[in-house]
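Basis for what follows: all heavy atoms, side chains included, without hydrogens, waters or symmetry-related copies.
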Amino acid sequence: MTVWIYQRQIEDLHIEIERLEKKEREKQNDFQMATHRGDEPLARQTRQEQLRLNDQIRQLKSELIQTERALWKAQQMEQIN
């Protein structure tokens with residue numbers, strides 16, 4: 001792959017991570033409101049959704065790190081050639 005493809009993937013991953021982090025914060029707020037109101041079923045459901053989003057964010061961050069490493073290697077190869 002060329003450098004620009006890795007750069008584009010990194011940009012896309014940053015955008016997706018930001019989007020999911022915003023949704024995760026919204027779920028955290030929903031969870032706190034449901035807990036405050038004493039609505040345990042809603043709080044439980046919201047917390048599960050929040051944890052699912054956290055897992056997706058963690059996976060994307062791992063993919064981001066791998067892509068950044070691949071970009072660095074591609075840049076090194078371009079400098080050699």
Side-chain angles (χ1 to χ4, degrees):
M1 281 192 184
T2 61
V3 170
W4 71 268
I5 292 174
Y6 287 123
Q7 290 170 335
R8 181 65 187 159
Q9 285 179 340
I10 289 170
E11 289 175 25
D12 291 345
L13 286 168
H14 278 292
I15 291 167
E16 184 64 11
I17 289 168
E18 288 176 22
R19 185 184 71 80
L20 290 175
E21 285 176 338
K22 181 180 177 190
K23 284 179 72 173
E24 190 269 336
R25 285 189 302 273
E26 291 170 358
K27 291 298 176 185
Q28 175 65 26
N29 290 340
D30 293 346
F31 170 74
Q32 289 175 347
M33 289 188 335
T35 301
H36 183 70
R37 288 190 315 256
D39 190 349
E40 286 196 28
L42 179 60
R44 207 173 295 120
Q45 175 188 355
T46 305
R47 180 70 175 145
Q48 289 298 319
E49 292 171 9
Q50 181 188 8
L51 292 172
R52 181 183 53 79
L53 288 168
N54 269 340
D55 189 47
Q56 288 177 331
I57 292 167
R58 198 174 14 233
Q59 289 174 353
L60 286 174
K61 285 183 177 182
S62 175
E63 186 178 335
L64 175 63
I65 291 168
Q66 292 173 355
T67 306
E68 286 173 338
R69 287 178 182 160
L71 171 61
W72 183 82
K73 288 179 184 178
Q75 287 172 332
Q76 297 300 315
M77 292 302 291
E78 276 193 0
Q79 288 178 356
I80 292 173
N81 295 333

message = Could you measure the distance from the CG atom of D39 to the CZ atom of R44? Nearest 0.5 Å is fine.
response = 9.5 Å

query = At what distance, to the nearest 0.5 angstrom, does CG of L42 lie from CZ of R47?
reply = 13.5 Å

remark   = With sequence neighbours left out, the residues meeting salt bridge (charged side-chain N to carboxylate O under 4.0 Å, His left out) with R8 are E11, D12

key: Pairwise distance CG(L51) to CG(N54) - rounded to 0.5 angstrom   = 6.0 Å

task = Treating Ile, Leu, Val, Met, Phe, Trp and Tyr as nodes and any side-chain heavy-atom pair under 4.5 angstrom as an edge, say whether F31 and I57 lie in one connected cluster.
result = no

remark   = Taken to the nearest 0.5 Å, the spacing of L20 CG from R58 CZ works out to 12.5 Å

key: Approximate separation, where rounding is to 0.5 Å, of D30 CG and T35 OG1   = 10.5 Å

task = With the side chain counted from C-beta on, respond yes when E63 and Q9 share a heavy-atom pair under 4.5 Å apart, and no when they do not.
result = no

query = Looking only at heavy atoms, which two atoms of L64 and L13 are closest? And how far apart?
reply = CA-CD1, 3.6 Å

Pairing residues for N29 by the side-chain hydrogen bond (donor to acceptor under 3.5 Å, both in side chains) criterion, not counting sequence neighbours = none

query = How far apart are the C-alpha atoms of Q7 and Q75, what are their side-chain angles, what is the distance that settles it, and do they pass the side-chain contact (heavy atoms from CB on, under 4.5 Å) test?
reply = CA-CA 11 Å; Q7 290 170 335; Q75 287 172 332; 4.1 Å; yes

ask   = How about Q32 and H36: do any of their side-chain heavy atoms sit closer than 4.5 Å?
value = no

note = To the nearest 0.5 Å, atom CD1 of I17 lies from atom CD1 of I10 at 10.5 Å

task = Scan for side-chain hydrogen bond (donor to acceptor under 3.5 Å, both in side chains) pairs involving residues 15-27, sequence neighbours excluded, and state none if there are none.
result = E16-R19, E21-K61, E24-Q50, K27-E49

Residues R52 and D55 bridged, charged N to O under 4.0 Å = no

